[in-house]
There are 2 protein chains.
Amino acid sequence: MQNAHGQVFLADCPTRLAVEIIAEKWAVIVLFALSLEPRRPGDLAGLIGGISGKVLTQTLRRLQAYGLVERQAYAEAPPRVEYRLTELGATLIKPITALTDWARENGEAIVDFQENHRPARP
Amino acid sequence: MQNAHGQVFLADCPTRLAVEIIAEKWAVIVLFALSLEPRRPGDLAGLIGGISGKVLTQTLRRLQAYGLVERQAYAEAPPRVEYRLTELGATLIKPITALTDWARENGEAIVDFQENHRPARP
DNA sequence: CAGTATCCATTTCGATACTG
DNA sequence: CAGTATCGAAATGGATACTG
């Protein structure tokens with residue numbers, strides 16, 4: 001892909017799609033939480049922590065729209081619902097794991113940097 | 001890490017830091033654009049396309065604050081500035097590449113899914 | 001329990017004009 | 001050219017109450 005000056009876009013379309021998918025506060029975390037096994041919304045919320053029911057539903061709906069997550073409802077009372085990764089969604093776990101591994105290895109270095117480069121000192 | 005019920009947080013702290021870093025519209029794209037060589041802001045904007053000067057500066061400032069990007073100014077007229085990845089920033093390229101590779105391989109499948117699952121049909 | 005409907009605070013982004 | 005300052009639009013997230 002090229003821009004008006006004939007240069008290659010480093011940020012081509014697929015990359016932007018990937019960013020669009022993961023650049024949400026909870027998307028990566030939810031996908032990660034679903035990577036081991038199907039889970040119910042309540043379990044997801046408890047497992048993740050700090051996410052409201054509304055936002056969890058929103059996130060799941062969007063991941064569904066991308067075809068990354070499937071919803072399965074059981075006809076029971078009280079209602080029971082399970083979410084699981086689709087085959088396509090499962091392919092995202094590898095790159096996500098690469099990212100979380102990176103975070104585990106380098107997270108401390110970033111926090112250290114931030115603490116040693118505070119905005120201003122009195 | 002555990003929550004109040006003794007369950008393991010799948011989304012532990014480092015993961016959230018990683019999300020915080022990349023969950024911005026342009027952060028991943030800018031890092032990717034800087035992965036090959038140092039670049040000037042104008043070049044970055046042209047290469048990326050669709051990003052305003054203000055937002056580009058914002059993004060670079062935040063990446064600087066994380067210690068992922070370095071700014072080098074030359075005392076010239078007109079002013080010349082270059083941004084480059086730090087050593088720490090360079091370590092992020094591998095997981096980002098995993099993500100962009102995934103996007104290239106699976107982007108089409110997602111677009112297809114979206115087109116075959118439109119909201120409603122008349 | 002799962003999900004929706006409101007309402008609201010905050011963040012993020014974009015366009016423009018302007019300075020050194 | 002690089003960067004800042006504003007202003008406004010839009011997206012995003014959070015808290016709460018409510019329905020089946």
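All chains are named by letter (A, B, ...) in the order of the sequence lines, taking the proteins before the strands, and each is independently numbered beginning at 1.
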Nearest-Å distance, [atom1] ([X]) to [atom2] ([N])?
X      : N       : atom1 : atom2 : value
R16(A) : dC13(C) : CZ    : P     : 13 Å
K54(A) : dT4(C)  : NZ    : P     : 12 Å
L44(A) : dC1(C)  : CG    : C1'   : 13 Å
Q58(A) : dC7(C)  : CD    : C1'   : 14 Å
Q64(A) : dA2(C)  : CD    : P     : 14 Å
Q72(A) : dA2(C)  : CD    : P     : 14 Å
L56(A) : dA15(D) : CG    : C1'   : 15 Å
L60(B) : dG3(D)  : CG    : C1'   : 11 Å

Pairwise 5' ranking along DNA chain D for I51(A) and P79(A), keeping only the more 5' one: I51(A)

Have a look at [X] and say if it touches a base, only the backbone sugar-phosphate, or nothing, with a 4.0 Å heavy-atom cut-off.
X      : answer
R40(A) : sugar-phosphate
K25(B) : sugar-phosphate
Y74(A) : nothing
P41(B) : sugar-phosphate

Distance-only donor-acceptor check, side chains R71(B) and Q64(B), under 3.5 Å: no

Establish, from distance only, whether the side-chain atoms of Y66(A) and E20(A) form a donor-acceptor pair under 3.5 Å. yes

Are the side chain of [X] and the backbone of [Y] linked by a donor-acceptor contact shorter than 3.5 Å?
X       : Y      : value
T100(B) : T15(A) : no
T59(B)  : W26(B) : no
D43(B)  : R39(B) : no

Re dA15(C): Watson-Crick or G-U wobble partner, both distances kept under 3.5 Å, found to be dT6(D)

Partner nucleotide, any strand, of dG20(C) [Watson-Crick/G-U, under 3.5 Å]: dC1(D)

Are [X] and [N] close enough that a side-chain N or O sits under 4.0 Å from OP1 or OP2?
X      : N       : result
Y83(A) : dC1(C)  : no
R62(A) : dT12(D) : yes
R71(B) : dA2(D)  : no

Nucleotide nearest T57(B) when distance is taken to its side chain, options dA15(D), dG14(C), dT4(D): dT4(D)

Nearest of dG3(C), dG13(D), dG14(C) to any side-chain atom of R61(A)? dG3(C)

Closest-nucleotide 5' rank along DNA chain C - winner of G53(A) and E24(B): G53(A)

Minimum heavy-atom separation for A23(A) to E24(B), with atom names? CB-N, 4.2 Å

